[in-house]
Amino acid sequence: MFEIESKAPDEVTLKTKTANVKFDLVEQTVDGDLPVGKIEGPGEFEIGDMAIRGIQTGEKTVYDVIIGNVHIGIIGGVEEAMTLDELGVADILCTSSVRAVREIGPKVVIAMGNVDGMVTELKLAPRVEKKYKVKNKESLPMAMEVVALS
């Protein structure tokens with residue numbers, strides 16, 4: 001089980017029993033309270049029970065995180081086709097890009113940025129939550145849901 005929180009439009013925090021990791025898409029850092037400090041830029045690493053892959057996209061870094069067998073894409077507003085192809089399948093997508101949602105087709109969209117514009121274009125009503133909790137891959141919805149974290 002893990003939780004997804006967002007206290008700022010360009011930040012996502014993933015919490016599990018063994019790790020608490022904050023992804024800052026503006027600073028392009030991963031903060032897992034590690035002795036070495038924050039991780040910057042692309043690369044592959046593990047923090048607790050999270051496997052994280054940072055993917056370079058021009059000047060930005062996006063993240064593919066695997067917890068258990070659930071893939072979480074943290075991309076913000078990135079829409080480049082090559083980046084979306086490299087990200088691949090995401091069960092949960094943290095984004096403000098309608099194009100990315102349509103191309104990747106996640107089960108859950110964690111709306112970042114302009115939530116109203118996104119849900120209008122996707123023709124879906126957002127569910128407002130403080131935290132989004134995921135038990136396992138089987139607990140994810142069958143039809144796409146949009147979640148706005150407050």
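The first residue in the sequence is number 1, and the count goes up from there. These numbers come from the heavy atoms of this one structure, side chains and all, not from hydrogens, waters or symmetry mates.
Annotation for P106 and L93: closest pair CG-CB, 3.7 Å, computed over non-hydrogen atoms. Between K131 and E3, the shortest heavy-atom distance links the atoms CD-OE1, 3.3 Å. Residues I52 and V30 share a closest heavy-atom pair of CD1-CG1, 4.4 Å. Residues G88 and I104 come closest through the heavy atom pair O-CG2, 3.9 Å. Here the closest heavy-atom approach between residue A90 and residue G73 is recorded as CB-N, 4.0 Å. In terms of heavy atoms, M118 sits closest to A111 at SD-CB, 3.9 Å.
Among pairs with a residue in residues 46-98, those fulfilling ring-ring contact (aromatic ring centres under 6.0 Å, His included) read F23-Y63, at least two apart in sequence or across chains.
A distance of 11.0 Å separates CE in M50 from CZ in F45, rounded to the nearest 0.5 Å.
In this structure the side chain of L140 reaches within 4.5 angstrom of the side chain of I92, judged on heavy atoms. Considering only heavy atoms from C-beta on, I72 stays 4.5 Å or farther from D91 through its side chain. A 4.5 Å side-chain heavy-atom check between I39 and I47 finds at least one atom pair inside the cut-off. Proximity of V147 to V108: side-chain heavy atoms (C-beta onward) are separated by under 4.5 Å at one or more points. V119 has its side chain within reach of P126: a pair of non-hydrogen atoms, C-beta onward, lies under 4.5 Å apart. For the pair K15/V21, no side-chain contact is recorded, criterion being any heavy-atom separation below 4.5 Å from C-beta on.
The pair K123-E121 does not count as a salt bridge, with every side-chain nitrogen at least 4.0 angstrom from each carboxylate oxygen. A salt bridge does not link E5 to K22: none of the charged nitrogens lies less than 4.0 Å from a carboxylate oxygen. A salt bridge is absent between E79 and R99: the closest approach of a Lys/Arg side-chain nitrogen to an acidic carboxylate oxygen does not fall below 4.0 angstrom.
With I75 as reference, T95 is the one residue of T83, T61, T95 to meet the side-chain contact (heavy atoms from CB on, under 4.5 Å) rule.
Remark: the backbone N or O of G58 is paired with a side-chain donor or acceptor of Q56 at under 3.5 angstrom.
Using a 3.5 Å distance cut-off with no hydrogens or angles, the side chains of E80 and T57 do not pair a donor with an acceptor. Using a 3.5 Å distance cut-off with no hydrogens or angles, the side chains of D49 and T16 do pair a donor with an acceptor.
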Show your reasoning for whether side-chain contact (heavy atoms from CB on, under 4.5 Å) applies to I55 and L87. CA-CA 8 Å; I55 303 164; L87 179 68; 4.2 Å; yes
